Number of protein chains: 4
Amino acid sequence: MAKLWDKGYRLDKTVEDYTVGNDFLLDAALIPYDVYGSIAHARMLAKIGVLTKKEAARLTKELSGILRLHEKGKFVIKKEDEDVHTAIENHLVGKLGSTGKKIHTARSRNDQVLVDLRLYTKDKLLELMGAVAGLAGVLADFAEKHKDVPLVGRTHTQKAMPSSLGLWAGAYAESLVDDLTILAAAYGLNDQNPLGSAAAYGSALPIDRAYTAKLLGFRKVQGNVLYCANSRGKTEAAVLAACTQVMLDLSRLASDVIFMSIPETAYVSLPDELASGSSLMPQKKNPCALELARGNAAVVFGYLTQAYGITSGLISGYNRDVQLTKEPLMRGLETTKKTVDVITLTVGKLRVNREKCLDAFTPDVFATDEALRLVAQGAAFRDAYRTVSKNLAKLKAEDPVKNIKSKKHAGATGNLGLRRLKEDVSSDRKTLARMKKDFHKRLETLVKGK
Amino acid sequence: MAKLWDKGYRLDKTVEDYTVGNDFLLDAALIPYDVYGSIAHARMLAKIGVLTKKEAARLTKELSGILRLHEKGKFVIKKEDEDVHTAIENHLVGKLGSTGKKIHTARSRNDQVLVDLRLYTKDKLLELMGAVAGLAGVLADFAEKHKDVPLVGRTHTQKAMPSSLGLWAGAYAESLVDDLTILAAAYGLNDQNPLGSAAAYGSALPIDRAYTAKLLGFRKVQGNVLYCANSRGKTEAAVLAACTQVMLDLSRLASDVIFMSIPETAYVSLPDELASGSSLMPQKKNPCALELARGNAAVVFGYLTQAYGITSGLISGYNRDVQLTKEPLMRGLETTKKTVDVITLTVGKLRVNREKCLDAFTPDVFATDEALRLVAQGAAFRDAYRTVSKNLAKLKAEDPVKNIKSKKHAGATGNLGLRRLKEDVSSDRKTLARMKKDFHKRLETLVKGK
Amino acid sequence: MAKLWDKGYRLDKTVEDYTVGNDFLLDAALIPYDVYGSIAHARMLAKIGVLTKKEAARLTKELSGILRLHEKGKFVIKKEDEDVHTAIENHLVGKLGSTGKKIHTARSRNDQVLVDLRLYTKDKLLELMGAVAGLAGVLADFAEKHKDVPLVGRTHTQKAMPSSLGLWAGAYAESLVDDLTILAAAYGLNDQNPLGSAAAYGSALPIDRAYTAKLLGFRKVQGNVLYCANSRGKTEAAVLAACTQVMLDLSRLASDVIFMSIPETAYVSLPDELASGSSLMPQKKNPCALELARGNAAVVFGYLTQAYGITSGLISGYNRDVQLTKEPLMRGLETTKKTVDVITLTVGKLRVNREKCLDAFTPDVFATDEALRLVAQGAAFRDAYRTVSKNLAKLKAEDPVKNIKSKKHAGATGNLGLRRLKEDVSSDRKTLARMKKDFHKRLETLVKGK
Amino acid sequence: MAKLWDKGYRLDKTVEDYTVGNDFLLDAALIPYDVYGSIAHARMLAKIGVLTKKEAARLTKELSGILRLHEKGKFVIKKEDEDVHTAIENHLVGKLGSTGKKIHTARSRNDQVLVDLRLYTKDKLLELMGAVAGLAGVLADFAEKHKDVPLVGRTHTQKAMPSSLGLWAGAYAESLVDDLTILAAAYGLNDQNPLGSAAAYGSALPIDRAYTAKLLGFRKVQGNVLYCANSRGKTEAAVLAACTQVMLDLSRLASDVIFMSIPETAYVSLPDELASGSSLMPQKKNPCALELARGNAAVVFGYLTQAYGITSGLISGYNRDVQLTKEPLMRGLETTKKTVDVITLTVGKLRVNREKCLDAFTPDVFATDEALRLVAQGAAFRDAYRTVSKNLAKLKAEDPVKNIKSKKHAGATGNLGLRRLKEDVSSDRKTLARMKKDFHKRLETLVKGK
């Protein structure tokens, strides 16, 4: 089929391949969102009298049909289509003739792909945020269950002071709850309607951007049309930066579990179904998923590097470079979501070896507590520190369980604040579930032509 | 003076130099914050009975004295001090003897530097956010003033459609307002009290973390003590990611002004006092500050890369690696702030050459508008597009001013939404000014021992 | 088919998907190299008596068969195969029974994938280096052809001094010749035989690693077996860093052509077949491939960021994280090669508008030359500079062609050193062509069982 | 003093601060190199008759004087000087009047800073390469000394197969020898004379660039003058990419030593003088320098990110953005060198606990060797693997020393190839020492006016 900008000459094959890139593959994921955006656009054009109601209805019907074809895997974007927008316009023209030729009135592929990506990102962020809240919940449950399992707390990888599995899991639960606030900021940035910005300079027609925003469930119109164009790449960078916050947490959690499951520590172990073997070494059980989670943090950060580097320093208006931010956005969101899922599974199935945790408590782990005991008896801390420091060999092992329970200040092993944490997680999960439901309901209603 | 952990042996000189790094220099900026944190800590220790009220008062007085010495440049951290914490503890011990030795009770340098950096970052973020809001205001004013100056809008660097200087400046104003939401999320992450987490495992003493949070003006206690330790590097990454959003905008704004001030366009020009000369070429007036703003986007992103890379994959608890996130945090915040300032100055002084802007309007810039005119006359858009495409030579120049005024939909050249934008900016500025004032007042009150 | 490490339990589906990742897709590109490595390994096992000659011959034959199946697209790696190594071993076992079960003697998938990637990378680097040398040649030819076409040289994007299209193209030609030395260093790092390092700790059998090195055409054995394992990720980073050098050049070349083809300059233009249109704006001809080349520099750098970040800080020995360096390596090499190709095409077809180049020569471009004229007449340079600076309005236009021809020192417009440059390029091309031929001949010979 | 481009107006203070940046501080390190470049330039100007011999001699003498002032810390670059070039030219004009005003004939600060940085980088790279070769030697010695100390080899952090401390240290020694080839490529790129390229477009005077190349000890003239300008940033990226190769190795070595010195392994320990204490926990001995080495890998990579990001996509010719590549270059070289030094010290002083190394050899570590024993008895490998896999509990501990000695193939524990490795290291060290000596001798000769 013809390119939308067909002018009677053919692009050089090398150039065509290079410019299309992976778009014809990546855009498969955008088909539903391009349909939603196109339906909203058609209805808006009818509202302002550029299309008749009948034309809009025919377009809506045909676009809904594309959705069904896509669900069956029968709407395929070919390389020569260039992208999802062309494939869909060509399909409409093929089916509806002149009416199909009207769909692109007052829009450009520039704002069309913007709206597609915004809807896609919204959908994926809602899933991701739900999964992050879910993992926070799993970690909070783990913390509750194992709050009295002592763990040797480390600094510099060396043994430091008494800790607990509850403290360990609670730390990540709280961290993920905080990540949700960063994700929410990126979500808010993304949740703006760019449709109608066209090529970056709007349109001579009196289009109604508030109406398409409402139809598509955006919280607001993204105003200035040049800003709409300029925000491609910027939004991607914000979303990927929020993903890297999550990956940072998960990479450290993975490192912890890898470390806590070597034979020398063996505080925890992975069940067989979570560990891979070696092709050469018969005895191996490897924490592969955790290592990949750790490595994937760098992968997602690399995607952020791409999105940022592509966009930085470009002059205003659409520049083709930004097409290349599509893949890192999609891959980054996908990798983050999958990593959250695999870690959720792992934490849920982690086996705790309480005895091994207890065995690790050598007397030196209690050195600091001993110094503070001297402080309680009246010594100045720095003197107490030096006294203990000179008498390390005399330190005695204590009961670690008693020790961790005795620390009662906010956030300490004996006062993890899990009730409040669980309430926060539960509240976040409810809010996110509602947002997701509302969003999908909006889109369903739109497809039904209402 | 002695190291806090002195055990009677000397560190190898090479190792000492390597581990101290730049800390003794960078920490100069942390002196006030270390004083604030220490005063709050001392008062809390008195509240729970570990110090007497008199001891706390003496410590507060001596710490306030450090603040005054610092203001006069007379409190210097030496390399052999290792860091600000040691310099201050040693000073207190020197002045107050045994009472000085008590200040480090129930804390570690790990939570001490955390609290210092949180207060520092809060202060700098408030300044930065104020400056960003200020620049948004300057841009909105520029947009208002030049909303009827037509500009050739570009895509792919090629001429595309009618735009305006108002649209151009408004785009950045809106973008910066959005950046404030990302900055605010990072601000919220940072605005939590880590004091009391000690080495990462809290303390055996019944410390009151809510009290220090209140004294220092934090919005909440950062609960789980291990999370406090783990959040070093993470917070830095979130703050630097927010800074990169701002830099992304400014790098593009800088590229635009560089492009719009070459002799071939000359839409705008820099006054002499903003342009540097060449040592070799007598005629040159170079937009150096803008080029550096563009380049500094990559610099700040590099700092984010450092903060992220240092932290990713570390096991839980304090690891010395994270000391290295201090410099990228400080430099990143500083570079972003300076870039905002230099761009604010530039936009404020930018000279507009209306004639040059008008001269650039060749007929092809109106091609899309012509196609939509055919649509208004009943043609299907794709047909109209092809008609115009085949008759480009027949296109006529239009009145660009009339054209840009005629586009009235939301966010278009004739409807920039500047009133609403200015209200948003104004509201943000007020909120930020109040937050800054409250924060500084809190710290002043603290130093006065109230 | 079974996993190589099958132990009678099934991996959890989520974990399996996460650990397999894209390997089953990416590994399609490794099939030939896995075959080559396996043939060499089988022949070595026969040489040391672990396999009979007959067994080795049967394995070689069956492996060659896989190569033919692959060429017809009939050897497919399924997700449940995990990777190319499993798919091939399972195929051999299916065809040859017990003999197939012997192929994995004294090797691990760890060294197997290393050898696959080394051969793959060698092949791709030879192609890439050939293409880079080819582009240097095209640029040198362009420089020769247009050496007398004056161009306004710029600094700070502003007009600076007389330059020429010859100088412009020659600059990139020389730069690419230098890039070849960086690529060659990465090539040398990669060109070492890791086979026999097994899981990272070698083998109890007296394997002959020099023999497999010879069979596979490696310049040397990569000695220390632990270093072999540790070099995964490191080699990838070196190769990608070399690719980024090329991309850095091409991103700038692309920026130049984009700038030189806007209507305001129009020094050059792209023929229709290299420029894309707009879906909305009928008049547009966009330099999309160049914009994507510019953006792809950030993409390739992002791949380097991934390879580096994944590997940095890992403990010695194989860690599963490094599996994730496969995709950035492959994609980075592919993107760089495609970008070289598209730029080669573009430079070859670039149209030069000599008149436009000449028109741009306003008098100020000659200011520096005027100052040096005063120097030649006896003035001190700094005085001459100030004299010209104060009399800019009196500057006169000169003949730019005469000007550029008159500058005769090494590397100046009148002495581009193109003969020497072309000789260098030609010599590089010959060497690279010979290396490529030798490498492929070696592999063909191997497959034929010689 | 006046700016070189003084035109009678003052730069805005904010702009001046922003454009000068850290240059006036960083440039202190460039003073000697600016002197060398200036002497060579003056002598060349005399050779072509632009200066008299006497003028050149006076300039040389005065420039040598700056060198002596600098050595005493008495040549200080002030902020208002902008940079080293201005400070030196102003000094020369102050001392020599009209003769001083001639030094800038036929050069620009653009090529001046290029030549400064090339000489600086050459000096620092020679030091760094010498240090890297030195560390390789220390590691080879360590490997020799401990070649029979068994170590449990790991994959996935889990126990895998018998290894040795010799294999461990040898792996890094070989890796660093390979790094030298990457450093050498970057060295070669840098070792080209850019002087005479002036602002990027050469000079109207018949300057002799080969002569300055010879005087300054460059291996060749960097030809094309525009390429000289364009190579700023590019060279920096190549040098920093080579540094990251070294840092990648050191980050992993550091992780290994951290892991091998926790109480659970305790294979090695750091002497007191290499470990820091804690301010809170009396018992702690922390491997801080190693953690910082690990973190500094990310720091150096961040500098590469800056250099790359700043430069990518710029149009040809000098752009002020590239000034910002100076700091990452300098800091990256410095950090890498310091890290090499601290690791060299650490490896040299590392204490080995042979008993702990032996204790770690549980029977499972020999599983693979057992499987290959079954192969030697006639079993197919995959069958042997499964047999061992099902009978893990029956595995017996072996003598690890005998085991590691028995593995005799190239690169295995019993055949580390240390003699050859040491020869390579020794040869590299000699070559590098000679290069360093020659370079310094060249510069001394130059200063003496010969």
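What's counted below: heavy atoms across the whole structure, side chains too, no hydrogens, waters or symmetry copies. Nothing here was measured: the structure is a model prediction, and the numbers come from that model.
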Choice from [options] maximising heavy atom contacts with chain D below 4.5 Å:
options: V322(B), I258(B), L314(B), T339(B); value: T339(B)
options: Q323(B), E327(B), R10(B), E89(B); value: E327(B)
options: V299(B), I310(B), L290(B); value: V299(B)
options: A199(B), S108(B), C288(B); value: C288(B)

Which atoms of [X] approach chain B - backbone, side chain, both or neither, heavy atom under 4.5 Å:
X: S276(D); value: both
X: A293(D); value: both
X: P287(D); value: neither
X: L345(D); value: side chain
X: N296(D); value: both

Going by ring-ring contact (aromatic ring centres under 6.0 Å, His included), name the residues that satisfy it together with Y303(B), two or more places apart in sequence or in a different chain.
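Partners of Y303(B) by the ring-ring contact (aromatic ring centres under 6.0 Å, His included) criterion come out as none, since no residue qualifies.
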Could you tell me which non-hydrogen atom of T19(D) sits nearest to which non-hydrogen atom of L292(B), and how far apart they are?
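Minimum heavy-atom contact is CA-CD1, 3.3 Å.
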Y18(B) and D341(D): side-chain donor and acceptor closer than 3.5 Å?
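No, because no side-chain N or O of Y18(B) sits under 3.5 Å from a partner of the opposite role on D341(D).
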[atom2] on [Y] to [atom1] on [X], rounded to 0.5 Å:
X: T335(B); Y: L324(D); atom1: OG1; atom2: CG; value: 8.5 Å
X: Y201(B); Y: M281(D); atom1: OH; atom2: CE; value: 8.5 Å
X: D12(D); Y: L270(B); atom1: CG; atom2: CG; value: 11.5 Å

Heavy-atom distance under 4.5 Å to chain D: side chain of [X], backbone, both or neither?
X: P282(B); answer: backbone
X: N22(B); answer: side chain
X: N286(B); answer: neither

If we define contacts as heavy-atom pairs under 4.5 Å, which of A307(D), G302(D), G277(D) has the most with chain B?
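Maximum pair count with chain B is reached by G277(D).
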Might you confirm whether atom NZ of K338(B) has over 12 heavy atoms from other residues, nucleotides or ligands at distances under 6.0 Å?
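Atom NZ in K338(B) is not packed in, count stays at 12 or less.
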Salt bridge present between E273(D) and K13(B) (N-O < 4.0 angstrom):
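Looking at K13(B) together with E273(D), the answer is no, because their closest N to O distance does not fall below 4.0 Å.
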